[in-house]
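In this text the structure is predicted, and so the values were computed from the model without any measurement. Below, chain A is the first sequence line, B the second, and so on; all start at residue 1.
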Amino acid sequence: MGIFGKKDSGVKPPVVQAPAAVKAAPKSSQRNTTLETTYVGKNLTIKGTISGEGNIIILGSFEGKFDLKGRLKIAQGARIKGNVRATDIYVNGNVEGGIAGTEKVQLDNSARIKGGIMTPVISILEGAMFDGEIKMSDKTAQAPKPASPGPTQPPPDSADPNKKETVL
Amino acid sequence: MERGKATGSTSLLSKKVKIEGEIQGNEDLHVEGHFKGSIKITGDIFIGPTGIVEADIEADNIIVQGQISGNVLARKQLQLQSSGRLLGDCSALTIDIKEGALFEGRSKMIRSSAESAGAKPGVK
């Protein structure tokens, strides 16, 4: 009767493990990203200069100069007076002054702009109001400064001698 | 992280951002970055461990884990936590300084929050 000894060895119980730990993970990382984003609330007024890196969301009012490496979001109802410069600018509020986006500028449908825009990529949605002029900068060119029409040529020493100069 | 109030929003100045100028308004403020100028808000201000504030501050509750250089007026409470540093004078209704905190300056207690409306931290 030894034949029956190994009879039940072929059946494996299905291993079902619920991924219980998965859900907890995103929450903590979300908290980190919220601490990275500067947030100016509706009831806050800032006058002066904002500079640095990171993302900024503005719902309140700001007067002054803005120089940011990162994404700037000007929300509906926000009021900005002054020159604004960032990598990526999304506007759905009021801006009076120059806007310079080194990557792109987006105007959403309740944006109200008075002033110039300088960017390589622009998007304007229906409903946006824009009084002023747009200057499309070259995407490869490094961060053209608003209101400084000086030549942006690099010093001749730094140029590669083997590189052919292209003259248009 | 504990917040003083559940209602209203909290504005945040994050780590790598620097603001020079003045902030006014009616809101809570959380500073992890660098601020220079003056702050006058109706609401609480929380200066996180990486926050550096070179400013005169007027707010309801002021909680400091970072660093302040300037005069401070807390209409309610000034709380210097163990990593907090305050170089400057303070006026507050109540004051709470934890062991390890650094405070150099004068301290003046205000008697009621009504009085604080006119009171100024010892400037000049």
Side-chain angles (χ1 to χ4, degrees), chain A residues 27-90 92-94 96-97 102, chain B residues 1-63 65-67 69-70 75 83:
Chain A
K27 243 188 180 168
S28 60
S29 68
Q30 205 173 37
R31 172 159 284 182
N32 280 340
T33 52
T34 48
L35 263 185
E36 300 276 297
T37 303
T38 294
Y39 176 88
V40 178
K42 253 201 318 233
N43 303 317
L44 216 60
T45 304
I46 298 181
K47 278 182 197 164
T49 312
I50 297 182
S51 56
E53 291 174 40
N55 301 333
I56 298 193
I57 301 174
I58 295 195
L59 281 89
S61 40
F62 173 75
E63 215 179 307
K65 213 181 115 199
F66 217 113
D67 195 347
L68 180 75
K69 268 191 191 140
R71 170 175 291 176
L72 168 65
K73 183 176 170 185
I74 299 168
Q76 190 168 9
R79 289 172 308 280
I80 311 283
K81 244 186 201 178
N83 287 327
V84 166
R85 172 190 182 77
T87 314
D88 182 342
I89 303 175
Y90 167 90
N92 205 10
N94 305 296
E96 226 175 278
T102 48
Chain B
M1 188 141 296
E2 254 187 290
R3 292 271 155 78
K5 280 180 212 162
T7 56
S9 64
T10 301
S11 291
L12 171 70
L13 169 54
S14 63
K15 225 190 218 175
K16 290 176 180 166
V17 173
K18 184 175 180 184
I19 299 183
E20 271 186 65
E22 59 184 86
I23 296 181
Q24 279 184 6
N26 185 0
E27 197 148 328
D28 295 347
L29 184 62
H30 180 158
V31 180
E32 292 285 353
H34 194 152
F35 180 80
K36 208 171 170 180
S38 77
I39 298 174
K40 192 173 178 180
I41 56 173
T42 313
D44 302 343
I45 179 164
F46 173 77
I47 296 166
T50 57
I52 297 171
V53 176
E54 297 168 58
D56 293 341
I57 301 175
E58 193 179 326
D60 291 340
N61 292 299
I62 300 174
I63 300 163
Q65 285 180 359
Q67 195 174 319
S69 316
R75 292 182 205 97
S83 58

**Q** Keeping to residues at least two apart or across chains, list the ring pair (Phe, Tyr, Trp, His ring centres under 6.0 Å) pairs with something in residues 67-86 of chain A.
**A** none

**Q** To the closest 0.5 Å, what do you measure between NZ (Lys42(A)) and OG (Ser11(B))?
**A** 11.0 Å

**Q** Is a side-chain N or O of Glu27(B) found less than 3.5 angstrom from the main chain of Asn43(A), in a donor-acceptor match?
**A** yes

**Q** Could you check whether any side-chain N or O of Thr45(A) sits under 3.5 Å from a backbone N or O of Gly25(B), counting only pairs where one atom can act as donor and the other as acceptor?
**A** no

**Q** So which residues of residues 61-79 of chain A are in contact with chain B at a heavy-atom cut-off of under 4.5 Å?
**A** none

**Q** Using the side-chain contact (heavy atoms from CB on, under 4.5 Å) rule, take Leu12(B) and Thr37(A) through it: C-alpha gap first, then chi angles, then the decisive distance, then the call.
**A** CA-CA 7 Å; Leu12(B) 171 70; Thr37(A) 303; 5.6 Å; no

**Q** Is it the side chain or the backbone of Ile57(A) that comes within 4.5 Å of chain B heavy atoms, both, or neither?
**A** neither

**Q** Within the structure provided, determine whether Ile23(B) and Leu44(A) are in side-chain contact (heavy-atom separation under 4.5 Å).
**A** yes

**Q** Looking only at heavy atoms, which two atoms of Gly41(A) and Ser9(B) are closest? And how far apart?
**A** CA-OG, 4.4 Å

**Q** Measure distances from Ile39(B) to the heavy atoms of chain A and classify the residue's part below 4.5 Å as side chain, backbone, both or neither.
**A** neither

**Q** At what distance, to the nearest 0.5 angstrom, does CD1 of Ile50(A) lie from NZ of Lys18(B)?
**A** 13.0 Å

